[in-house]
Protein chains: 2
Amino acid sequence: MMDDRKAAILRAVVECYIREAQPVSSAHVTELGNLGVSPATVRNDMAVLEQEGYLLQPHASAGRVPTDKGYRFFVDSLAGPAPLGPAQAELVRMFFARTHGELEHLLHETSELLSKLTDYAAVVVAPNAPEPGRVRSFQLVKLSRRVVLALAVLGNGAVERRSLELPADIEEAQVQQASAALAASLVGSHLERAGSMPRTGDVAVDNLMSMTLQALRKPDPDAAEHVFVGGAARMAAAFDAVSTIRQVLGILEQQFVLVSLLKDVLDRGLSVAIGTEHGLAPLADCSVVVAPYDVDGERAGTVGILGPTRMHYDQAMTAVAVVSKQLTKALSEGGGSGRRTRQKATAEAPVPASPGPAPAGAGRGAARGPRFEGNGHG
Amino acid sequence: MMDDRKAAILRAVVECYIREAQPVSSAHVTELGNLGVSPATVRNDMAVLEQEGYLLQPHASAGRVPTDKGYRFFVDSLAGPAPLGPAQAELVRMFFARTHGELEHLLHETSELLSKLTDYAAVVVAPNAPEPGRVRSFQLVKLSRRVVLALAVLGNGAVERRSLELPADIEEAQVQQASAALAASLVGSHLERAGSMPRTGDVAVDNLMSMTLQALRKPDPDAAEHVFVGGAARMAAAFDAVSTIRQVLGILEQQFVLVSLLKDVLDRGLSVAIGTEHGLAPLADCSVVVAPYDVDGERAGTVGILGPTRMHYDQAMTAVAVVSKQLTKALSEGGGSGRRTRQKATAEAPVPASPGPAPAGAGRGAARGPRFEGNGHG
DNA sequence: CTCTGGCACTCAAGGTTACCGAGCGCCAGG
DNA sequence: CCTGGCGCTCGGTAACCTTGAGTGCCAGAG
């Protein structure tokens, strides 16, 4: 059904189309595919590939163009991890060497890095759960008669804050009492494991404490899912229809949709979703490459890129994998969102450079699991 | 040089071109401009207007199109504040009625509001200076042997955080000592007025304290200039050349450039910059409408929109003015970035609604000063 | 002096035709 | 099973014409 030659032809068509964005003819394939057969033979095979749904002809006398299914086969049959080019490897190295500062800032810049690496739009989803780690410090601050601010500094330096609106006025002394009691109970333990507080006898204080615990346990409603999008302009270059650009931009602006999209793709065990494989109609001409990153061993967020279906999958996948890997490293080693001390990452786990057999398995490993389990080319 | 009729003709051409995006003919002007003259007369005047640089012809047998200078004249001669449409007024009302939550969140949503109101891309620049107000609470938290986190809660509920990297290891007790001393000194006073600390005799503690003060006094290096862009997709709809969209998107992604642009326009006393009036070549086809907003009486940040030179200036200016006004209100009244209590704004200062003579001066006042001082139509 | 109607001119846009050639499908022969 | 050849199809391009919108200019009227 899919002998070696047909596979080779399909691959050649996809590669060529990705490069040139134009229908690929049988002659073109024979030139580039260095399989020793004539165009006529290729034509026959291409006809079959079209019947099987891997290719299609825009019109009768044109070359062939890959379908989503064709891209899927191509991606699934990608084996060699395209190593990063030297210039790109350098970019990554530089970036993670000088990594520091606030989490948000880092993630924002990461989205730009990823976009620069791939020339597509990059998406970085921030960790949604309150970052783990023991509570280092806790405090309530009274802001106005009925508004109290709760501040917790976590082990990694992240600051969780919640503002509480009380049902009734409260005294400064009461706030302080609750603050002290909560601090005594919380500091040194984990936020999510915080149990209920003993009664103090003062109903206002008890109420404040239980509200605080409740608020701390669920994620910050304001923070929502923080998403960083980088390089939308680059994405625009990959399409030529203005309407397509509009639609894609529209999606990129809907943070919730974006997050769902990436999450959905990951949940299905994929690292690449091609064309209509993800459900979003406006992105029918787009593919998505994703990888999760971890913080302290727990899956925390997602990085991904969004480009045209005719994207450079190998490079994109490598870039995403490398960045997610490095991000995991950067976030786990030096500490979380507080100031991270300077990384030794460059020395320890070299970014795969271009030449040679390349220790690229390192960068790839994380993504390899999910990568080949597509609802493939059946 | 610019008699009433010519002015009327010019206005008619601009209005018409803004609506229809097509060269305007003399006949069209006579229809819409209800000045009682024939097309031939209009033609003559239009020829003069072209010589004077207000109009130009795309090609010989086409209608006229406004130049930047033409738009400038039009904008400067705009007098009546176009009131918001009822639907838009409702949007604004709703938005600021439910305003609450973190500053960043609010500003982000404001950019979407503004974009929705105008159908162009909206830009909101966050306040860069640490927010004013007395310090309510201060604390140092030791994160690791050499990293200490400084946390200050300001009067309006905003939290300033700085992480400090020390030159040498420090003890928990020393951090606590410095924390207590600083808290005693800072709480109740203003951050920027904080003087130097008395010596304690422990050089590490003294050093930590002075580093802290120093860090607190300058703005957060990580926060940089925070910019929120909303509705880039809407902007894309206003242009038809893909290359233009790319360029504009590119600018929208360069936060620094964006901030400079808005600041520059404001500094020049303008609230509208048309086409090439701002220096950015890629934005030659764009106009910018800006207005500052205040926090506690001090100019804090900027809101603005970016659209095609043929934008609906009156509506855009109104929207920007109203939003900046309301933002000022929201940020000053209920407190800053902490939870703001529910606004009474709607009752107190009604958003100018559509019908009637409209108390629109309210929404306009803020912007009127700067508005008419362009390097005009000389 | 100003405005108007008329007329000739210009030029982009749209439609028609014809041509070219890339690329396929098919088939007969090796 | 592969190959070379032949005929067919159709998109793309160019040349051409027509159309009509819109101008510029001018002579005449108010």
Side-chain angles (χ1 to χ4, degrees), chain A residues 1-10 12-67 70 240-241 310, chain B residues 1-10 12-67 70 240-241 310:
Chain A
M1 202 100 220
M2 176 64 87
D3 54 77
D4 287 356
R5 193 179 61 200
K6 290 228 291 289
I9 290 173
L10 178 50
V13 171
V14 173
E15 275 168 18
C16 187
Y17 186 70
I18 286 175
R19 269 205 313 279
E20 327 208 343
Q22 277 177 354
V24 184
S25 73
S26 54
H28 218 136
V29 171
T30 52
E31 287 169 23
L32 302 172
N34 67 355
L35 13 88
V37 294
S38 78
T41 308
V42 173
R43 275 204 292 279
N44 290 330
D45 282 355
M46 279 166 76
V48 177
L49 284 170
E50 178 165 6
Q51 279 182 345
E52 292 174 350
Y54 293 102
L55 297 177
L56 66 77
Q57 257 178 318
H59 58 88
S61 78
R64 296 314 207 287
V65 161
T67 61
D240 34 49
R310 43 173 288 279
Chain B
M1 201 101 224
M2 175 64 87
D3 54 75
D4 287 356
R5 194 178 62 200
K6 290 230 290 290
I9 290 174
L10 177 50
V13 170
V14 173
E15 276 170 18
C16 188
Y17 186 70
I18 286 176
R19 267 205 315 279
E20 326 208 341
Q22 277 176 354
V24 183
S25 72
S26 54
H28 218 136
V29 170
T30 51
E31 289 168 23
L32 302 172
N34 66 358
L35 14 87
V37 293
S38 79
T41 309
V42 173
R43 275 204 290 280
N44 291 330
D45 281 355
M46 279 165 76
V48 177
L49 284 170
E50 179 165 6
Q51 279 183 344
E52 293 174 350
Y54 294 103
L55 298 176
L56 66 76
Q57 259 178 317
H59 58 86
S61 79
R64 297 317 207 285
V65 159
T67 60
D240 35 50
R310 45 171 289 277

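Throughout, a chain's letter reflects where its sequence line sits, starting with A, and its residues are numbered from 1.
For A:T67 (side chain) and A:G53 (main-chain N/O), a donor-acceptor pair under 3.5 Å exists by modelled atom type.
When rounded to the nearest whole Å, the span between NE2 of A:H59 and C1' of C:dA22 equals 9 Å. For A:D3 and D:dC1, the CG to C1' distance is 12 Å, given to the nearest whole Å.
For A:Q22, the CD atom counts as loosely surrounded, since its 6.0 Å shell holds 12 or fewer non-hydrogen atoms of other residues, nucleotides or ligands. Within a 6.0 Å sphere centred on CG of B:D3, heavy atoms belonging to other residues, nucleotides or ligands number more than 12.
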Item to check | A:R64 and A:V29: CA distance, side-chain angles, deciding distance, side chain to side chain contact (heavy atoms under 4.5 Å, CB included) verdict | outcome: CA-CA 10 Å; A:R64 296 314 207 287; A:V29 171; over 6 Å; no
Item to check | side chain to side chain contact (heavy atoms under 4.5 Å, CB included) between A:Y54 and A:K6, intermediate numbers included | outcome: CA-CA 10 Å; A:Y54 293 102; A:K6 290 228 291 289; over 6 Å; no
Next on the checklist: How would you summarise protein contacts on nucleotides 18-30 of chain D per nucleotide, using B for base, S for sugar-phosphate only and - for none, with heavy-atom distances below 4.0 Å?
Outcome noted: ---BSBBB-----
